Amino acid sequence: MGQGITVVGSLNADLVVAVRRFPGPGETVTGHDFAVFPGGKGANQAFAAGRLASGEMPVRMVGQVGGDAYGEWLRQSLSRAGVDVTHVRTDAAAPTGLAMVAIDAAAQNQIVVVPGANGSFNPAALTAAHHAVADAAVVLLQLEIPLPTVQTAARIAREAGAIVILDPAPARAVADVLLRSVDYLTPNESELSVLTGGAPQATLRRGDAVARARQLIARGATRVLVKMGRQGALLVTESAEQLQPAFPVEAVDTTAAGDAFNAGLAFALGSGADEADALRYAAATAAISVTRPGAQPSMPSRADVESLLKSGSG
Ligand code: RIB
């Protein structure tokens, strides 16, 4: 088995506005705050894992930025968290990925992503990063880069014996061959609904979530871990289900909570924790992230997570 964590995925600059409520179609509302934060689902997961690992295990980012100032800024953000950015390439012909994020008074978010250089990160680009993927104990994937690249990374990781965690976000139809390469598939309720042929739904009843998770298991997924916000995370296998409750916290910004969760899960599993402990670790990492604004700036240190775990809640 390999060592450390490798993330193959997206890097975005997040342009974030705070609004009291989201505008409807054709409506203009006035925001009361604006900030630019380092983001992107892949980079957020790498950043969070880097903070948790704090140099004790390698964390590597594999992805692509554009030839603009945001690209270098995103590399620097990851480096500051101890992430190896050797395999973050530059596509000089493309802009760096951008996300327009609106946060409302209830800490919910709406996100529009413009892929830029993430969209031209093709499977051939993985050749140079083959070792970074094959040498990892845990590989983290999401769906903000082209699907063939995700599938290639999953295949390399699976063949090398790594634990593969796929965050199917943003939701889109995925092939059974990809589901078969994944150890943990981690949709939220809306993504689970889309993956099983439905319309996006913000909430699902537990029984419905289990039934839909089992449809994905019948197609080849091993474990489906449904992120259900305040209700916690529901681990579904062919024959069992287990709820990891969420830690009760005051949320200010839920952006990247799912990324924090996956990074916590990867770090705990990569450190040899058993599954139940890894789920609790993931829940604690996500809980802290929602108490702080921004994507990468909201990611907790290992000491933050350990202190919440010791508090005994959740
Ligand atoms: O998961 C949160 C992320 O989604 C944001 O940082 C934004 O970049 C989008 O990719």
Side-chain angles (χ1 to χ4, degrees), residues 7-18 22 34-51 61-66 68 70-71 73-78 81 83 88 94-104 107-119 121 140-147 149-150 165-172 185-192 194 200 202 225 227 229 233 251-266 282 285-300:
V7 182
V8 182
S10 58
L11 303 95
N12 293 332
D14 289 358
L15 312 184
V16 183
V17 290
F22 297 126
F34 172 76
V36 185
F37 293 118
K41 293 184 193 302
N44 295 343
Q45 294 182 14
F47 184 96
R51 289 211 76 196
M61 177 77 206
V62 177
Q64 189 163 269
V65 293
D68 49 27
Y70 280 140
W73 176 67
L74 288 167
R75 267 201 195 88
Q76 283 170 10
S77 175
L78 289 176
V83 177
V88 177
T96 295
L98 277 186
M100 312 292 300
V101 184
I103 314 285
D104 75 1
Q108 305 293 328
N109 61 63
Q110 283 187 343
I111 304 180
V112 178
V113 171
V114 184
N118 298 306
F121 188 55
L140 286 166
L141 304 168
Q142 321 76 33
L143 299 181
E144 277 189 335
I145 57 173
L147 265 177
T149 311
V150 177
I165 303 176
L166 171 63
D167 197 5
R172 46 184 160 147
L185 182 73
T186 64
N188 63 21
E189 290 152 283
S190 171
E191 290 148 6
L192 177 60
V194 172
L225 183 49
K227 297 179 215 169
V252 301
D253 179 354
T254 54
T255 310
D259 300 329
F261 185 96
N262 282 32
L265 181 68
T285 309
I288 298 169
S289 78
V290 305
T291 64
R292 303 169 180 172
Q296 290 172 30
S298 73
M299 298 303 176

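Counting starts at 1 for both ligands and their atoms, in listed order. Residue numbers count from 1 along this sequence. Quick caveat: nothing in here was measured; it's all calculated off a predicted structure.
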- Task: Pick, from Leu11, Asn262, Asp259, the option with the minimum heavy-atom distance to atom 2 (C) of ligand 1.
- Result: Asp259
- Message: Just to confirm my output: which protein heavy-atom neighbour is closest to atom 6 (O) of ligand 1, and how far is it?
- Response: Asp14 OD2, 2.5 Å
- Message: Below 3.5 Å, N or O to N or O, backbone or side chain included: is there any such pair between Ile111 and ligand 1?
- Response: no
- Query: In terms of heavy-atom contacts, does OH of Tyr70 have more than 12 from other residues, nucleotides or ligands at under 6.0 Å?
  - Reply: no
- Report yes or no: do Asn188 and Ser190 form a side-chain donor-acceptor pair below 3.5 Å? no
- Query: Are Arg292 and Pro300 side-chain neighbours, meaning at least one heavy-atom pair lies under 4.5 Å?
  - Reply: yes
- Message: Any heavy atom of Gly258 closer to ligand 1 than 4.0 angstrom?
- Response: no
- Atoms in ligand 1 flagged as close to Gly39, the criterion being non-hydrogen separation under 4.0 Å: 6 (O), 8 (O)
- Does a donor on one side chain and an acceptor on the other come within less than 3.5 Å for Glu144 and Asn118? no
- Heavy-atom contact under 4.0 Å between Ala256 and ligand 1? yes
- Message: Quick one, Val252 with Val290, criterion side-chain contact (heavy atoms from CB on, under 4.5 Å). Give me CA distance, side-chain angles, the key distance, then yes/no.
- Response: CA-CA 6 Å; Val252 301; Val290 305; over 6 Å; no
- Query: Is a side-chain donor or acceptor of Lys227 paired with a backbone partner of Gly258 at a separation under 3.5 angstrom?
  - Reply: yes
- Query: Hey, which atoms in ligand 1 end up nearer than 4.0 Å to a heavy atom of Ala295?
  - Reply: 6 (O)
- Task: Write out the residue and atom name of the closest protein heavy atom to atom 3 (C) of ligand 1, then the distance separating them to 0.1 Å.
- Result: Asn44 ND2, 3.6 Å
- Could you list which atoms of ligand 1 come closer than 4.0 Å to a heavy atom of Ala99? 7 (C), 8 (O)
- Query: Which one of Asn12, Leu11, Val88 satisfies the side-chain contact (heavy atoms from CB on, under 4.5 Å) criterion with Leu74?
  - Reply: Leu11
- Message: Is any side-chain heavy atom of Ile103 closer than 4.5 Å to one of Thr255?
- Response: yes
- May I ask you to list the atoms of ligand 1 that are less than 4.0 angstrom from any heavy atom of Gly40? 5 (C), 6 (O), 7 (C), 8 (O), 10 (O)
- Query: Who's closest to atom 10 (O) of ligand 1 heavy-atom-wise, of Gln142, Met100, Glu144?
  - Reply: Glu144
- protein heavy-atom neighbour closest to atom 4 (O) of ligand 1 works out as Lys41 NZ, 3.1 Å
